[in-house]
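Since the structure is predicted, the reported quantities are computational estimates derived from the model, not experimental observations. By convention in this document, chain letters (A, B, ...) are assigned in the order of the sequence lines, proteins followed by strands, and residues within each chain are numbered from 1.
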Protein chains: 2
Amino acid sequence: MPAAARDYEPVAMVTIRDVAKKSGFSPTTVSIVLSNAPLARYIPAETKQRIEKVAKRLGYRPNSFARALRSRRSHAVGVMVFDMTDPYCTLILRGIESSLYQASYLPILTDVHNERSRFERYLEMLLDRRVEALIVLANWLFLDINLLADLEKSRIPTVMIGRELRAEAISSVVVDNELGARTALDHLYSLGHRKIAFIRGPKMLTDSAPRWKGIRSFAHSAGLELDAELIVDLPESPQALSSFEAGYQLTEELLLRKRPFTALLAFDDMTAFGAIRALSKAGIRVPEQCSVIGFDDVGPAALYTPSLTTVRQPMEAMGSMGVSVILDGINRALEKKEFDTVHHKLAPELVVRESTRAQQ
Amino acid sequence: MPAAARDYEPVAMVTIRDVAKKSGFSPTTVSIVLSNAPLARYIPAETKQRIEKVAKRLGYRPNSFARALRSRRSHAVGVMVFDMTDPYCTLILRGIESSLYQASYLPILTDVHNERSRFERYLEMLLDRRVEALIVLANWLFLDINLLADLEKSRIPTVMIGRELRAEAISSVVVDNELGARTALDHLYSLGHRKIAFIRGPKMLTDSAPRWKGIRSFAHSAGLELDAELIVDLPESPQALSSFEAGYQLTEELLLRKRPFTALLAFDDMTAFGAIRALSKAGIRVPEQCSVIGFDDVGPAALYTPSLTTVRQPMEAMGSMGVSVILDGINRALEKKEFDTVHHKLAPELVVRESTRAQQ
DNA sequence: TCCCGAAGTTCGATTTAAATG
DNA sequence: GCATTTAAATCGAACTTCGGG
């Protein structure tokens with residue numbers, strides 16, 4: 001082989017055999033020591049130290065493929081996001097990442113772009129890589145029964161974050177939507193608002209129903225009347241219109257109805273941003289003339305002018321919770337036990353900022 | 001249902017040997033056919049078809065570990081982000097993801113949280129996984145010489161996105177900062193603004209100097225005088241203050257100086273958001289009384305009220321370019337050629353929205 | 001039976017060298 | 001020599017089994 005070609009060959013990888021040779025022990029012993037296998041109990045400290053010293057000196061790094069091939073463990077989990085650009089994802093992703101990091105797992109992140117074909121291809125790629133579990137971060141997507149079936153077929157621990165899923169054989173982590181919506185309305189009500197407009201979520205989103213339920217239950221208990229003229233719905237097809245634009249248009253529509261309102265409760269922060277813009281366009285100042293409250297507490301909410309009062313989803317915690325669910329699943333599976341699906345519902349938190357104010 | 005059950009008969013993994021047995025050929029032949037190796041030339045179409053049919057029927061999926069172990073290729077690339085929550089990352093990540101997807105590579109995403117220890121640990125983990133290349137997305141971090149040295153030591157194709165890096169032995173993809181800043185000032189100037197305030201970037205960021213250079217060069221060519229009283233700098237330590245908060249405080253400081261200005265050019269969008277809030281607090285309406293322009297065009301810029309005029313970095317394109325750089329590097333390395341470092345500078349684009357307006 | 005260490009097999013695919021007609 | 005196919009070696013670590021003290 002010519003010298004030039006040989007030159008690139010990066011510092012020939014040092015294997016367990018090299019360590020064995022240099023230390024005078026067999027590959028077996030080296031393996032047992034370095035991977036701290038159960039049998040390592042029997043090996044005297046001096047042997048261990050000698051082997052470890054040699055390993056370090058040679059810069060030995062175990063080959064993860066060989067290890068994975070033999071042990072059937074990848075120490076990787078697949079993370080599927082339906083749309084990276086949705087700010088709803090970022091903090092959840094951070095929560096996932098932090099927890100995986102602590103557990104020494106590596107995330108393989110895939111962005112489905114809301115396309116079925118990508119979903120299928122990525123799922124296949126992830127399973128081919130033998131990810132040990134799947135974390136799916138659903139935000140806007142219309143969750144087709146077929147997608148769920150595909151996920152179930154994977155036969156590995158799977159958790160969905162951000163979408164209620166009681167019935168399915170897949171674990172889930174969601175915020176308590178009903179409580180959150182209740183809290184939001186409670187906030188507006190306590191500030192003295194009585195004429196309140198609502199932008200509801202689309203029916204196809206499983207979050208929509210519980211949020212509306214929370215609103216009705218609070219209204220009922222507080223004796224607040226909900227005016228049908230002040231209630232509008234986000235469109236069913238997320239593709240057609242972002243919730244920002246939809247919020248904008250629906251608010252314009254509300255204004256056209258000439259039914260006065262002093263506060264607006266939006267389905268989520270994006271919708272709220274759209275609403276604020278429409279109000280502002282119409283010369284209505286927020287919060288002086290109209291309070292606006294969102295849901296989620298995405299990153300931009302704090303940066304907005306006025307900063308957005310909203311119901312925070314504990315996104316980092318939801319990400320961490322998702323990880324702990326699949327970690328449990330992995331451990332169960334290792335012990336040959338069935339891993340059963342669990343459903344967690346985390347409490348939201350009201351974040352009062354500048355976009356809401358007392359009604360005189 | 002019997003039909004459905006047949007769909008995934010494999011509980012035990014089906015290997016190349018199973019396919020060989022069922023098809024009546026040897027594992028060697030099967031491997032050659034299914035991986036479409038050079039030798040496949042000699043294999044008659046009929047044999048190929050038979051093998052492929054059997055493989056499909058059995059649901060054969062090659063074991064990626066075995067393949068990677070033998071071929072020494074992981075088909076994965078490491079992506080390091082210094083702070084996921086920075087909205088600057090999202091679109092770049094999407095660009096990276098899209099391009100990797102097309103090339104059938106999988107990204108392993110790691111979030112360094114601006115911590116050195118995480119950087120080091122993650123770098124080690126990625127190299128242990130034998131990622132074939134590294135894409136580093138630097139945003140705010142103080143790019144220590146040691147980090148760069150660590151990256152160079154990796155000996156695999158590496159590209160840094162978002163940070164100028166001419167001197168180093170690492171490829172880079174950046175926006176043309178000088179041109180961008182020039183364009184921003186040109187915009188304000190064309191609108192009739194003459195008393196313009198500037199919030200500059202910290203010196204430690206390599207972007208700061210070229211941006212300021214662009215501003216000075218435009219000012220010089222247009223005969224615009226820069227008033228030192230209207231120039232402030234973001235703090236050097238990013239940890240202490242987010243650029244949003246810093247933008248807020250620095251704008252308050254500018255206002256205290258009582259030196260009138262009709263426009264403000266912020267170092268980036270986050271700074272601009274902070275500035276708008278400070279102006280708004282002070283009762284100064286944007287853009288009626290003061291125009292504000294940012295830099296980057298992060299996601300929230302379009303959602304803001306008023307929507308933010310800004311200089312867009314072509315972030316998806318930068319991500320894609322980064323991928324194409326490392327893909328080239330990988331191919332060079334496969335051919336045992338040296339891969340040399342390249343430096344790309346992409347053109348920014350002015351995005352005129354509502355936060356700027358002509359000065360009467 | 002306990003302790004210490006090693007030989008040999010296995011994981012599943014790729015690849016080299018060689019065997020057929 | 002040619003087209004076609006394959007046995008056997010290999011990648012690097014982990015595990016099973018075994019032997020001697």
Side-chain angles (χ1 to χ4, degrees), chain A residues 1 9-52 54-55 58-75 127-130 132 334, chain B residues 10-52 54-55 58-75 127-130 132 334:
Chain A
M1 193 172 276
E9 209 65 32
V11 201
M13 253 181 317
V14 13
T15 79
I16 209 166
R17 266 171 271 271
D18 299 324
V19 179
K21 203 153 281 175
K22 286 282 185 205
S23 67
F25 292 96
S26 77
T28 312
T29 310
V30 173
S31 172
I32 290 171
V33 168
L34 293 183
S35 60
N36 202 25
L39 277 176
R41 282 185 300 138
Y42 300 129
I43 292 178
E46 210 218 326
T47 305
K48 288 186 187 173
Q49 280 165 21
R50 268 184 30 215
I51 290 177
E52 272 155 7
V54 173
L58 297 183
Y60 168 74
R61 305 255 77 201
N63 181 313
S64 57
F65 300 137
R67 180 173 273 189
L69 175 60
R70 185 66 234 243
S71 67
R72 300 172 171 287
R73 301 204 49 186
S74 62
H75 278 281
L127 295 177
D128 279 353
R129 303 276 173 137
R130 302 290 193 277
E132 297 185 32
L334 283 178
Chain B
V11 161
M13 254 182 317
V14 12
T15 79
I16 208 167
R17 264 171 273 270
D18 300 324
V19 178
K21 204 153 281 177
K22 285 278 186 208
S23 66
F25 291 95
S26 75
T28 311
T29 310
V30 174
S31 170
I32 289 170
V33 169
L34 294 182
S35 62
N36 202 22
L39 275 177
R41 276 187 306 140
Y42 299 126
I43 293 181
E46 211 219 326
T47 304
K48 287 186 188 173
Q49 281 164 21
R50 266 179 36 210
I51 289 178
E52 272 155 7
V54 172
L58 296 184
Y60 168 73
R61 304 255 76 202
N63 181 311
S64 57
F65 300 137
R67 180 173 270 185
L69 175 59
R70 185 66 230 238
S71 66
R72 299 169 171 290
R73 299 202 54 187
S74 63
H75 278 283
L127 295 176
D128 279 352
R129 303 276 173 138
R130 301 290 193 278
E132 298 186 32
L334 284 178

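At C:dA13, one or more side-chain N or O atoms of B:Y60 fall inside 4.0 Å of OP1 or OP2 (strictly under the cut-off). When the side-chain nitrogen and oxygen atoms of A:T47 are compared with OP1 and OP2 of C:dC4, none of them lie within a distance under 4.0 Å. Phosphate contact (OP1/OP2 of C:dC4, side-chain N/O of A:R41, threshold under 4.0 Å): absent. Within the 4.0 Å cut-off from OP1 or OP2 of D:dA14, at least one side-chain nitrogen or oxygen of A:S31 is found. For the pair A:T15 and D:dG12, the criterion of a side-chain N or O lying under 4.0 Å from OP1 or OP2 is not met. Close to D:dT5, at under 4.0 Å from its OP1 or OP2, lies no side-chain N or O of B:S26. The shortest distance between the side-chain N/O atoms of B:R67 and the OP1/OP2 oxygens of C:dT14 is below 4.0 Å.
At distances below 3.5 Å, not a single donor-acceptor pair connects side-chain atoms of A:S23 with backbone N or O atoms of A:R50.
Separating the CZ atom of A:R73 from the C1' atom of D:dA13 is a distance of 15 Å, rounded to the nearest angstrom. Straight-line distance from the CD1 atom of B:I16 to the P atom of C:dC11: 15 Å, rounded to whole Å. In this entry the distance linking CZ of A:F25 with P of C:dC4 reads 11 Å, nearest Å. Atom OH of A:Y42 is separated from atom P of D:dG19 by 18 Å (rounded to the nearest Å). Spacing between atom CG of B:L39 and atom P of D:dA3 amounts to 12 Å, rounded to whole angstrom units. Between the P atom of D:dT10 and the CG atom of A:N63 lies a distance of 17 Å, rounded to the nearest Å. With rounding to whole Å, A:F65 atom CZ is found 13 Å from D:dA13 atom C1'. The nearest whole Å value for the distance from the CD atom in B:E46 to the P atom in D:dA3 is 19 Å.
Looking at heavy-atom distances under 4.0 Å, A:L69 makes contact with a base. Here A:R72 lies in heavy-atom contact (under 4.0 Å) with sugar-phosphate atoms only. Among the atoms of the strands shown, only primed sugar atoms or phosphate atoms (P, OP1, OP2) are found under 4.0 Å from some heavy atom of B:P44.
A donor-acceptor contact under 3.5 Å links the side chain of A:T28 to the base of C:dA7. For A:R70 against D:dA13, a side-chain-to-base donor-acceptor contact under 3.5 Å is absent.
For the pair A:N63 and B:R130, the minimum side-chain heavy-atom distance is below 4.5 Å. Taking the side chain as every heavy atom from C-beta outward, B:S35 and B:R67 approach each other to under 4.5 Å. In this structure the side chain of B:D18 reaches within 4.5 angstrom of the side chain of B:T15, judged on heavy atoms.
B:T28 and B:S31 share no side-chain donor-acceptor pair at under 3.5 Å.
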